[in-house]
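This report refers to the structure that appears directly beneath it.
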Amino acid sequence: MTKEIVLIHGAFAGPWCMADYAGFFRARGWTVHTPALRFHGGDPAAEPDAGLTDTSVLDYANDIAELVQGLDSKPVILGHAIAGVVAQQVASRGLASAIVLINPNAAWGTLPETDDERAVPRALMEGGAFWKQPMRVDFDLMVPFALNKMPEAQQHAVFDRLGPESGRVMFEMFFWMFDDHHAMKVDIDKVDCPVLIVSGSEDRAVNPNTCRALAKLYGDLATFLSAEGHAHFLFMEPGWEKPAAQIADWLDQTLG
């Protein structure tokens, strides 16, 4: 087995947030790639690139597919949150040996079921026509919903590295029913590789039940892993080594 893995960060973030996992997997003999989603690789405090305004989830998926097609073999694709949807979309093109989805956002067609899941789109609506511009997230929104299992000092350190995100991407993610392009749609029937879904038991941004429901859709292809005591950024939280080892062990067992 060629041990090649692509680690993809989520919205507002960058490759920096995958640094612990990158080092961990390299130490276990993997060749690691940590691409930046389009317009996410620069200074987070800088004025956003004008192109970010019209960037879509489909652009993220096309970019990752192009990267993957340039590799020597089909890699494992690990995606966090919105990148969990991207990983599925790339896998549906037959370009992955396995996919690992960490707290993946719900794909097109999935309604929010909890007050927590409804809180974020409600906050977006209060910001006006957010879909027409790059946007930034507020500290008071990130902490309770995504950084809730980090010490306070780490919460500030992580937040200070978050950059702008495409308002269009956020629209596609949370208001998919109005998206004529179906940018968040996943052709689950076309995914033919093993799927590991890792859900932080304390994640308030993506409810664990949403992840369990996704695992059921994949049937025998899927394995569901509950990361107990972890939340949305489980790959950076204290104790991140345990779920990382569980993921690596699953890959070794599944791919041989």
Side-chain angles (χ1 to χ4, degrees), residues 1-11 13 18 21 30-38 40 55-112 166 168-199 206-207 209-225 247 250-251 254-256:
M1 178 187 73
T2 302
K3 298 177 70 171
E4 203 153 14
I5 188 167
V6 180
L7 309 178
I8 317 173
H9 65 85
M18 289 293 175
Y21 267 36
W30 289 81
T31 298
V32 179
H33 306 272
T34 56
L37 294 177
R38 189 179 294 194
H40 285 67
T55 297
S56 165
V57 174
L58 297 174
D59 294 317
Y60 294 162
N62 288 335
D63 290 346
I64 298 301
E66 183 177 0
L67 167 72
V68 166
Q69 287 173 309
L71 302 178
D72 293 334
S73 60
K74 290 183 183 180
V76 172
I77 303 177
L78 180 151
H80 172 232
I82 187 62
V85 175
V86 170
Q88 293 173 79
Q89 291 175 333
V90 175
S92 72
R93 305 183 195 185
L95 298 176
S97 60
I99 52 176
V100 179
L101 315 176
I102 296 181
N103 297 320
N105 284 107
W108 189 93
T110 306
L111 290 169
S166 162
R168 177 177 175 179
V169 164
M170 301 305 287
F171 174 82
E172 292 168 344
M173 187 189 312
F174 292 110
F175 299 95
W176 51 263
M177 65 288 295
F178 303 117
D179 174 26
D180 294 337
H181 301 288
H182 294 188
M184 289 285 287
K185 187 172 178 59
V186 173
D187 291 322
I188 286 179
D189 292 342
K190 294 183 179 179
V191 176
D192 59 2
C193 65
V195 180
L196 176 64
I197 300 171
V198 186
S199 173
V206 180
N207 190 277
N209 288 334
T210 298
C211 295
R212 289 190 180 92
L214 178 62
K216 288 183 180 179
L217 290 178
Y218 277 109
D220 293 340
L221 282 180
T223 300
F224 178 82
L225 171 62
I247 291 169
W250 178 84
L251 288 171
T254 302
L255 301 179

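Reckoned from all heavy atoms, side chains included, excluding hydrogens, waters and symmetry mates.
- Residues His80 and Tyr21 keep their aromatic ring centres 6.0 Å or farther apart.
- Contacts of Leu225 classified as side chain to side chain contact (heavy atoms under 4.5 Å, CB included), with partners at least two apart in sequence or in another chain: Leu196, Val198, Gln246.
- Side chains of Ile5 and Pro75 form no contact here, defined as non-hydrogen atoms less than 4.5 Å apart.
- The ring-ring contact (aromatic ring centres under 6.0 Å, His included) analysis of residues 86-106, with sequence neighbours excluded, yields no pairs.
- A heavy-atom distance below 4.5 Å is not found between the side chains of Leu37 and Thr55.
- Judged by distance alone, the side chain of Gln89 and the main-chain N or O of Lys185 form a donor-acceptor pair under 3.5 Å.
- Under the 4.5 Å side-chain criterion, counting only non-hydrogen atoms from C-beta, Gln88 is in contact with Leu101.
- Taking the side chain as every heavy atom from C-beta outward, Ser56 and Glu172 approach each other to under 4.5 Å.
- No side-chain donor-acceptor contact under 3.5 Å links Lys3 to the backbone of Val76.
- The CG atom of Asp63 lies 11.0 Å from the NE2 atom of His40; values are rounded to the nearest 0.5 Å.
- Not counting sequence neighbours, the partners of Ala83 by the side chain to side chain contact (heavy atoms under 4.5 Å, CB included) test are Ile8.
- To the nearest 0.5 Å, atoms CG (Asn103) and OG1 (Thr210) are separated by 10.5 Å.
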Between Ile247 and Ile102, is the side chain to side chain contact (heavy atoms under 4.5 Å, CB included) condition met? List the steps. CA-CA 10 Å; Ile247 291 169; Ile102 296 181; 4.2 Å; yes

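- In this structure, a donor-acceptor pair under 3.5 Å is present between the side chains of Asn62 and Arg93.
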